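Just below is one structure, and these are the notes that go with it.
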There are 2 protein chains.
Amino acid sequence: MKPHGKVEFVKVVTKSSTVEDYVKVIYAFTEWQDKAITSSQLAVRLGVANSSVSEMVRKLKEQGLVHHQPYSAIKLTERGTVLALAMVRRHRLLETYLMRELGYGWDEVHDEAELLEHAVSDKFIERMSSKLGHPQRDPHGDPIPAPDGTISLPDATLLSLLDAGHRGKITRISDDNPELLRYLAHQDITLDADIEVLGQRPFGGSLMVRIGSGTDTADFDVPEEVSSALWVESTHPHADCTLT
Amino acid sequence: MKPHGKVEFVKVVTKSSTVEDYVKVIYAFTEWQDKAITSSQLAVRLGVANSSVSEMVRKLKEQGLVHHQPYSAIKLTERGTVLALAMVRRHRLLETYLMRELGYGWDEVHDEAELLEHAVSDKFIERMSSKLGHPQRDPHGDPIPAPDGTISLPDATLLSLLDAGHRGKITRISDDNPELLRYLAHQDITLDADIEVLGQRPFGGSLMVRIGSGTDTADFDVPEEVSSALWVESTHPHADCTLT
DNA sequence: TCTTTAGATTAGGCACATCTAATTCAGAAA
DNA sequence: TTTCTGAATTAGATGTGCCTAATCTAAAGA
Ligand SMILES: [Mn+2]
Ligand SMILES: [Mn+2]
Ligand SMILES: [Mn+2]
Ligand SMILES: [Mn+2]
């Protein structure tokens with residue numbers, strides 16, 4: 001007597017904190033540009049060996065969280081995106097909460113949120129969100145997805161890509177370098193500050209910018225490292241440029 | 001050329017969340033009575049197999065966190081006690097915070113704290129403590145150890161051990177049965193309520209108690225399951241008993 | 001004292017997430 | 001088209017924490 005049908009064991013999906021971090025990083029990579037992440041880029045961002053990523057990506061695929069053809073880039077499935085957005089919501093709400101309710105500095109929130117995001121319950125997240133008045137963005141200007149996964153990305157451009165004359169508001173600051181955040185805070189370069197690109201020093205040097213508005217302005221030379229961490233939303237359309 | 005001295009590799013102690021839970025449970029067992037916990041009692045409380053405990057206790061001993069002779073009870077070392085008290089502080093502060101700041105019910109805080117206690121930083125804990133005004137006990141009446149490990153246990157007795165006539169205040173309610181907590185809250189039996197033992201129903205039946213003071217009192221029959229979850233601090237010394 | 005037995009420990013394995021080293025592959029360069 | 005090369009994958013292993021099954025032991029009972 002042989003079985004005449006195939007027996008399949010459907011693996012119950014356990015979203016470990018490792019899996020949560022993988023999908024979150026895969027998602028984050030495409031948030032501000034549209035190329036999908038590769039195996040080794042993922043390895044660098046997670047701080048693990050390439051081989052660990054290969055192994056794990058196979059498991060993520062098994063669980064229906066990513067699409068992946070060997071030797072090509074890694075993309076989230078619908079389900080993977082849902083999980084990633086849930087984690088991004090958690091992370092950003094936690095960062096916001098830590099600053100507003102527990103007096104953390106904006107350079108201190110990331111690491112704490114990175115661990116807490118895996119430990120708090122949905123109830124905790126929603127209570128926080130209520131208490132904060134359902135904020136739309138985190139302390140670094142990153143948009144906070146709604147509970148249903150809806151997210152609206154502001155129309156911002158990387159400062160380092162802007163031409164002289166451009167004016168706008170700083171709407172996002174990359175949060176992965178705490179030291180940079182401390183530097184910026186010390187210089188009073190904060191979210192929503194008005195900014196104008198004055199020009200670029202020769203031979204690929206620093207970008208010259210003016211921060212502030214009206215009479216209260218200050219000029220800075222920002223090196224590539226900084227200008228590639230700041231996103232600017234234009235206040236005037238392109239036509240308004242004052243080219244010298 | 002042979003080495004003429006012994007080379008030892010001292011294991012760097014990594015306090016995993018598993019280790020944290022083991023020492024916490026070992027500590028908790030002796031908080032309200034003085035017998036040390038056995039292997040199988042520990043297994044029940046942690047929800048793991050006996051063999052897992054044997055294995056883990058060996059590792060805890062290796063790390064200097066417990067004293068243990070095979071086939072006998074498990075005791076924390078000085079270092080183990082320090083770690084346990086730190087975890088207890090975390091757990092109880094978190095419970096208090098969840099109730100006071102995020103509107104949790106006292107039956108909902110335990111499970112959330114059980115996970116969060118492993119994920120939050122010391123900074124988080126101390127910020128919470130400040131914000132709460134450095135509370136001395138958690139929502140269930142359990143004392144919160146100070147950052148240095150100091151803890152003062154209230155002089156309370158298990159309700160089920162009290163004789164008729166005893167009066168006092170409820171100062172502690174075991175928090176490991178959420179359903180019981182909901183029942184008590186529904187009956188307005190809360191921390192600091194005045195209580196008087198009226199007597200015991202025959203044949204090992206329920207304990208009859210009076211809750212409240214002055215004109216606002218209510219009588220209850222409390223079954224063993226409940227009376228062994230409530231601790232009472234006497235308001236009148238023993239001499240004041242009214243035996244029938 | 002000898003036997004029983006409940007509780008504790010060991011043996012042998014598994015799942016997860018990681019590593020280093022060896023191998024394979026896709027696409028660029030010749 | 002063939003060769004090369006860096007990226008990606010597989011092979012083989014480790015550490016942690018858990019399991020079931022087998023074995024052992026201390027303390028109680030006959
Ligand atoms: Mn994380
Ligand atoms: Mn952020
Ligand atoms: Mn715990
Ligand atoms: Mn409690």
Side-chain angles (χ1 to χ4, degrees), chain A residues 8-26 29 35-76 80 83 87 114-115 117-119, chain B residues 8-26 29 35-76 80 83 87 114-115 117-119:
Chain A
E8 290 198 24
F9 291 89
V10 177
K11 170 74 178 306
V12 177
V13 178
T14 322
K15 39 191 162 88
S16 68
S17 64
T18 307
V19 167
E20 291 175 342
D21 276 339
Y22 271 80
V23 296
K24 190 160 63 87
V25 171
I26 297 168
F29 191 82
K35 285 186 293 295
I37 197 167
T38 65
S39 197
S40 48
Q41 287 170 320
L42 189 43
V44 170
R45 276 174 173 66
L46 288 165
V48 299
N50 277 6
S51 56
S52 306
V53 171
S54 282
E55 190 81 0
M56 188 55 108
V57 165
R58 196 171 44 67
K59 290 177 195 163
L60 295 179
K61 190 178 177 182
E62 245 170 59
Q63 298 181 20
L65 294 170
V66 300
H67 297 297
H68 185 234
Q69 302 307 116
Y71 300 98
S72 66
I74 299 145
K75 290 186 189 111
L76 292 174
L83 177 56
M87 294 314 296
E114 196 59 50
L115 292 179
E117 63 191 5
H118 311 290
Chain B
E8 289 198 27
F9 290 90
V10 177
K11 170 73 177 306
V12 176
V13 178
T14 324
K15 37 190 164 91
S16 69
S17 64
T18 306
V19 167
E20 291 175 341
D21 276 339
Y22 271 79
V23 295
K24 191 160 63 85
V25 171
I26 296 169
F29 191 83
K35 285 188 293 295
I37 198 168
T38 65
S39 197
S40 48
Q41 288 170 320
L42 190 43
V44 170
R45 277 176 172 65
L46 289 165
V48 300
N50 276 6
S51 56
S52 305
V53 171
S54 281
E55 190 82 0
M56 188 54 112
V57 166
R58 197 171 42 68
K59 289 177 194 162
L60 296 179
K61 190 177 177 183
E62 244 170 62
Q63 297 181 21
L65 295 170
V66 300
H67 297 297
H68 185 234
Q69 302 308 116
Y71 299 98
S72 65
I74 300 145
K75 292 188 187 108
L76 292 174
L83 177 56
M87 295 313 297
E114 196 60 49
L115 292 178
E117 63 190 5
H118 311 290

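Throughout, a chain's letter reflects where its sequence line sits, starting with A, and its residues are numbered from 1. All figures in this text were calculated on a predicted structure; none of them were measured in a lab.
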Closest nucleotide of DNA chain C for B:Arg58 versus for A:Ser17: which of these residues is on the 5' side?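 Counting from the 5' end, the first nearest nucleotide belongs to B:Arg58.
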Whichever of A:Asn50 and B:Asn50 has the more 5' nearest nucleotide on DNA chain C, that residue is B:Asn50
Specify the separation, in whole Å, of atom [atom1] of [X] and atom [atom2] of [N].
X        : N      : atom1 : atom2 : result
B:Glu55  : C:dT9  : CD    : P     : 11 Å
A:His68  : C:dC25 : NE2   : C1'   : 13 Å
B:Lys59  : D:dG15 : NZ    : P     : 11 Å
A:His118 : C:dC16 : NE2   : C1'   : 16 Å
B:Gln69  : D:dA26 : CD    : P     : 11 Å
B:Leu60  : C:dA8  : CG    : C1'   : 16 Å
A:Tyr71  : D:dA7  : OH    : P     : 13 Å
A:Leu46  : C:dC16 : CG    : C1'   : 16 Å

Which atom pair, heavy atoms only, marks the closest approach of B:Glu117 to B:Asp21? OE2-OD1, 3.1 Å
Of the non-hydrogen atoms in A:Tyr22 and A:Leu60, which two are nearest, and what is the gap between them?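 Heavy atoms only, the tightest pair is CB-CD1, 3.9 Å.
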So, does [X] get its side chain near the phosphate of [N], meaning an N or O under 4.0 Å from OP1 or OP2?
X       : N      : result
B:Ser16 : D:dG17 : yes
B:Ser52 : D:dC18 : no
B:Tyr22 : D:dC18 : yes

Any residue in residues 35-43 of chain B with a heavy atom nearer than 4.0 angstrom to DNA chain D? Just list them by number, or reply none. none
Measure distances between side-chain N and O atoms of A:Ser51 and base N and O atoms of C:dT20, and say whether any donor-acceptor pair falls under 3.5 Å.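 Looking at the base of C:dT20, it does pair with a donor or acceptor on the side chain of A:Ser51 (distance under 3.5 Å).
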Do A:Glu62 and A:Arg58 sit within salt-bridge range, that is, some charged N less than 4.0 Å from a carboxylate O? yes
Have A:Ser52 and A:Glu55 got a donor and an acceptor in their side chains that come within less than 3.5 Å?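 No, no side-chain donor-acceptor pair sits under 3.5 Å.
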Can B:Gln41 and B:Thr38 be counted as having a side-chain donor-acceptor contact under 3.5 angstrom?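 The criterion, which ignores hydrogens and geometry beyond distance, is satisfied for B:Thr38 and B:Gln41.
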Identify whether any heavy atom of A:Thr18 sits under 4.0 Å from a base atom; if not, whether one sits that close to sugar-phosphate; answer base, sugar-phosphate or nothing.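 A:Thr18: backbone/sugar contact only, no base atoms under 4.0 Å.
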Side chain to side chain contact (heavy atoms under 4.5 Å, CB included) assessment of B:Ile26 paired with B:Val66: CA-CA 9 Å; B:Ile26 296 169; B:Val66 300; 4.0 Å; yes
What's the spacing between A:Leu83 CG and A:Lys24 NZ if we round to 0.5 Å?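 Answer for the CG-NZ pair, A:Leu83 versus A:Lys24, is 11.0 Å.
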